[in-house]
Amino acid sequence: MMQKTPYRGRFAPSPTGPLHAGSLVAALASWLDARAHGGSWLLRIEDVDTPRCVPGADAVIVRQLAACGLLADEPPLWQSTRGTAYAQALSTLLDGGLAYPCGCTRKDIEAAWAARGKLRPRFGELVYPGTCRCGLRGKPQRAVRLRADAVVDWHDRRLGPQRQDVQRDVGDFVLRRADGLWAYQLAVVVDDAAQGITDVVRGEDLADNTARQIVLQQALGLPRPRYLHTPLVRGADGYKLSKQNSVAALDLADPVATLQAAAAVLGLPRLLATSACIWLAQAVPAWGERRSPMTRGGAGGEGGPNVR
Ligand code: GLU
């Protein structure tokens, strides 16, 4: 009989500040999903984008998670220690002709689109028009990009079937940035594989990155995890909570109430408990028993994962 790969999930915060109510939803969902599957739950500190990292925020996050009873099964992995693995992956891609150096500035990209009589912005980012695909033509190298020609079909356990034409919607994307830093897409794909992650559970704001990550997994011959993107918590202004719009850090004076608020976003029922650990012990079967898939658009009547 074929052995099923044991479930391994992760929470991968960027240490750009303390966790807030929105990030706790993703942490809790990934922890519950791992436990409901009898799996392991790992923590990865995504500190590659050093200018955005806040010193000490990683320790604060670990403490916040611990106060809520969310303890990782293995020591955390810091992406800042993983440069060798990223460099190896990048040279594999360069050697295979799947990645190429790029000398374009933002101005160059805008000019290339203007010359074609159109501008292709996408969520504030420009679709890369492929200018350096055939060589730098004398320009100094700035970034390294992946040749991304795929239309990717993937399944999200909550959002259902997804499709993205990566070349049309994003273009060849950056693996190593012009400032020399590793791009999130490369780091996340290399580390999910290195940590043996079978299930990615994270906030819906990241769903749009999934097709790019799948293209990269395919290029590197790495396995594709299952994906579940959780509902976002929105502030009073309707925007998603983020560390950038300086939302209040989690209230840890009453961890049960804090967990309960995160659980409500995930459609879990109210649970009575006197400590975070007791609350979590009740939440695991509640998560596993949900039958209706979570719907889009925030809290209220949403179920847990129904796809295993
Ligand atoms: N580091 C990312 C964040 O804090 C999460 C990345 C991921 O889960 O893939 O938003």
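Throughout, numbering of the chain's residues begins at 1 and tracks the sequence. All ligand and atom numbering here is 1-based and tracks the order in the structure.
Remark: ligand 1 and Val188 share no N or O pair separated by less than 3.5 Å (distance only, no angle test).
In this structure, of Arg202, Glu46, Gln185, the residue bringing a heavy atom nearest to atom 6 (C) of ligand 1 is Glu46.
Side chains of Gln167 and Tyr128: no donor on one and acceptor on the other come within 3.5 Å.
The proximity of Phe11 to ligand 1, defined as any non-hydrogen pair under 4.0 Å, does not occur for either the backbone or the side chain. When heavy-atom distances to ligand 1 are checked against a 4.0 Å cut-off, Ser14 comes that close through both its backbone and its side chain. At a heavy-atom distance under 4.0 Å, only side-chain atoms of Leu206, from C-beta outward, approach ligand 1.
If you number the atoms of ligand 1 from 1 as listed, the ones under 4.0 Å from a heavy atom of Arg10 come out as 7 (C), 8 (O), 9 (O). Close contacts of ligand 1 with Tyr184, meaning ligand atoms under 4.0 Å from a residue heavy atom, involve 6 (C), 7 (C), 9 (O).
Under the 4.5 Å side-chain heavy-atom criterion for ILVMFWY residues, a single connected hydrophobic cluster contains both Val284 and Phe11.
The closest approach between Arg44 and ligand 1 stays at or above 4.0 Å for every heavy atom of the residue.
Summarising the geometry of Gly17 relative to Ala57, their closest heavy-atom pair is N-CB, 3.8 Å, with the distance given to 0.1 Å.
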Return a table of donor-acceptor pairs under 3.5 angstrom between the side chains of residues 86-96 and protein atoms on other chains or two or more places apart.
{"unit_1": "Tyr86", "atom_1": "OH", "unit_2": "Asp191", "atom_2": "OD2", "d": "2.5"}
{"unit_1": "Ser91", "atom_1": "OG", "unit_2": "Ala87", "atom_2": "O", "d": "3.1"}
{"unit_1": "Ser91", "atom_1": "OG", "unit_2": "Gln88", "atom_2": "O", "d": "3.2"}
{"unit_1": "Thr92", "atom_1": "OG1", "unit_2": "Gln88", "atom_2": "O", "d": "2.9"}

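Here Trp154 pairs with Tyr227, His229 under the ring pair (Phe, Tyr, Trp, His ring centres under 6.0 Å) rule; sequence neighbours left out.
Side-chain atoms of Arg8 come within 3.5 Å of backbone N or O of Gln195 as a donor-acceptor pair.
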